[in-house]
2 protein chains.
Amino acid sequence: MAALDRSLISRLPLFQGMAPEEQSEILRSARSSRYAKDSTIFEQETEAHSFFVLIAGHIRVVRTTPDGQQVIARYISEGEIFGVAAALGRTTYPASAIAAVDCVVLAWPNALWPELARRFPVFGATTYRTVGNRLQETQTRVVEMSTEQVEQRVAHALLRLANQTGRKTESGVEIDFPISRQDIAEMTGTTLHTVSRLLSKWEESGIIVSGRQKVTVKDAHRLVVLSESRTKG
Amino acid sequence: MAALDRSLISRLPLFQGMAPEEQSEILRSARSSRYAKDSTIFEQETEAHSFFVLIAGHIRVVRTTPDGQQVIARYISEGEIFGVAAALGRTTYPASAIAAVDCVVLAWPNALWPELARRFPVFGATTYRTVGNRLQETQTRVVEMSTEQVEQRVAHALLRLANQTGRKTESGVEIDFPISRQDIAEMTGTTLHTVSRLLSKWEESGIIVSGRQKVTVKDAHRLVVLSESRTKG
DNA sequence: GGGAGAATTTGCGCTGGCGCAAACTCGGGG
DNA sequence: CCCCGAGTTTGCGCCAGCGCAAATTCTCCC
């Protein structure tokens with residue numbers, strides 16, 4: 001296989017603060033793969049063999065319950081590290097990672113983690129900062145699910161998606177990967193029916209426009225208002 | 001102040017695998033404090049100055065929403081490390097830590113984290129493993145809140161408390177710190193009223209006995225059954 | 001030992017959002 | 001270009017669990 005080009009990663013925040021030759025070196029032990037839409041990068045509960053950086057595309061991280069219900073843990077965007085079980089001393093993946101669109105991914109064998117973290121402290125520190133962010137986000141999600149109504153949770157989820165992965169178009173901010181009502185339901189702990197009703201209502205009042213597997217936020221401000229109002233208690 | 005005795009920590013899993021002189025050395029930079037019941041060890045959103053190990057007692061970690069609602073993120077038991085913002089590159093605490101009973105705590109200044117993690121790799125690795133466990137637990141909680149009914153969530157919470165901090169008595173497994181209906185509600189995303197009704201029902205059928213700020217699990221098996229049955233979908 | 005405040009219990013009415021079912025629409029493959 | 005199936009919309013009935021309120025019981029402090 002051909003050597004990977006440093007330009008793949010030099011622009012990513014994760015590798016900022018590393019010298020060019022360090023970037024090249026880290027790449028030397030990486031393997032690059034393409035994953036077609038809907039294919040699985042790794043599966044929940046299976047032996048964790050590698051950790052990953054997403055070079056292009058979007059990835060859905062999904063937890064499945066014993067009885068088959070799915071919950072979307074998060075979406076991974078370009079430049080993010082994921083599948084970092086190794087860095088946290090786990091031996092299996094706690095969730096599955098599925099390509100939401102065609103993706104390009106770099107992978108390193110887990111066995112290399114200790115060495116890489118030691119040789120490139122910035123890389124290790126950035127990874128742990130990412131883990132910290134995710135822990136905090138996940139806790140925020142617990143708080144939201146404990147204290148907010150469904151309408152606010154869905155509004156929050158859309159705002160987060162628009163901010164993190166939104167693409168500006170002439171008509172608003174469009175979430176730039178296919179996302180179904182069912183997906184939004186699995187992010188917010190509700191049903192696709194309720195999501196559909198909410199989106200219909202919001203579309204009617206001009207806050208969003210949406211189509212099949214597509215949502216565009218037209219009036220983020222009013223969505224913020226919705227996400228904050230009418231708290232329980 | 002007097003030097004801390006190595007016996008404080010030598011029995012804790014967090015410090016296993018460290019040589020006695022290493023344990024002594026790590027203790028040399030620690031400060032020991034007592035916290036009375038209901039006092040605050042650190043407060044959400046404030047500058048993170050230290051990380052901690054709980055030597056004795058129980059600590060409640062609480063997230064408060066902008067409008068004042070509280071959610072219990074987790075309980076810390078003896079021997080656990082907590083307030084590890086430093087290890088995750090954060091500068092403020094994402095939650096408050098409050099003594100559920102009188103506590104003894106060791107604290108290290110955050111500035112020492114990088115050095116300690118470098119000098120004592122086992123210590124760093126154990127900490128990151130703990131963080132990994134918490135991330136996974138928190139995600140499990142999201143899944144539960146998304147897919148389970150209140151009754152199952154409360155059953156799960158009681159089982160977890162009984163396993164993690166339970167004390168065997170002649171009548172069952174007693175949660176060995178004061179915990180109110182309100183606390184359980186804040187752990188499970190419901191109201192103290194609903195928790196009270198559930199506990200009354202379970203007491204009537206002999207699954208638990210409970211009193212003011214006290215719960216004893218008598219029949220864990222039936223509680224497991226309750227925690228698994230009647231899932232949505 | 002008594003009083004006050006905190007924690008708990010319980011009743012009652014209401015409603016947000018789910019479950020079910022059916023119709024509809026869009027987009028891509030043949 | 002048409003058809004098929006996945007994705008979406010919408011109606012309807014129902015009920016788990018919340019909000020409110022009041023009564024009751026501990027427990028700790030004076």
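Here is how names work: the chains are called A, B, and so on, in the same order as the sequence lines, proteins then strands, and each is numbered from 1. Below, each value reflects all heavy atoms present in this structure, side chains not excepted, and no hydrogens, waters or symmetry copies.
Between B:E148 and B:R141, none of the side-chain N atoms (NZ, or NE/NH1/NH2) sits under 4.0 Å from a carboxylate O, so this pair counts as no salt bridge.
Atom-to-atom, CE of B:M145 to P of C:dC18 comes out at 13 Å; the value is rounded to the nearest Å. Put simply, CD on A:E186 is 12 Å from P on D:dT8, counting in whole angstrom units.
Taking the six-membered ring for Trp, A:F177 and A:Y75 have ring centres closer than 6.0 Å. Aromatic ring centres of B:F42 and B:F52 lie closer together than 6.0 Å.
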Show each protein N/O and nucleotides 1-6 of chain D N/O combination with a separation under 3.5 Å, one pair to a line.
from	atom 1	to	atom 2	distance (Å)
D:dA6	N3	A:R212	NH2	3.2

Nucleotide N/O to protein N/O under 3.5 Å, stretch nucleotides 9-13 of chain C:
from	atom 1	to	atom 2	distance (Å)
C:dT9	OP1	B:R181	NH2	3.4
C:dT9	OP2	B:R181	NE	2.9
C:dT9	OP2	B:S196	OG	2.5
C:dT9	O5'	B:S196	OG	3.3
C:dT10	OP2	B:S200	OG	3.2
C:dT10	O4	B:H193	ND1	3.0
C:dG11	N7	B:R197	NH1	3.2
C:dG11	O6	B:R197	NH2	3.3

Tabulate below the donor-acceptor pairs under 3.5 Å that side-chain atoms of residues 98-109 of chain A make, not counting sequence neighbours, or state none.
from	atom 1	to	atom 2	distance (Å)
A:D102	OD1	A:K37	N	2.7
A:W108	NE1	A:I26	O	2.9

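Residue B:S180 places none of its side-chain N or O atoms closer than 4.0 Å to OP1 or OP2 of C:dA6. Look at B:T190 and you'll find a side-chain N or O under 4.0 angstrom from OP1 or OP2 of D:dC18.
Atoms CD and OG, on B:E186 and B:S180 in that order, are 7.5 Å from each other to the nearest 0.5 Å.
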- Message: Using the rule given for side-chain hydrogen bond (donor to acceptor under 3.5 Å, both in side chains), can you reason through B:T140 versus A:R63, listing the C-alpha separation, both sets of side-chain angles and the distance that settles it, and then say yes or no?
- Response: CA-CA 9 Å; B:T140 300; A:R63 272 281 271 268; 2.4 Å; yes
- Under the side-chain hydrogen bond (donor to acceptor under 3.5 Å, both in side chains) criterion, do B:S227 and B:Q152 qualify, and how do the steps go? CA-CA 4 Å; B:S227 78; B:Q152 292 146 51; over 6 Å; no
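Side-chain atoms of B:T65 come within 3.5 Å of backbone N or O of B:Q69 as a donor-acceptor pair.
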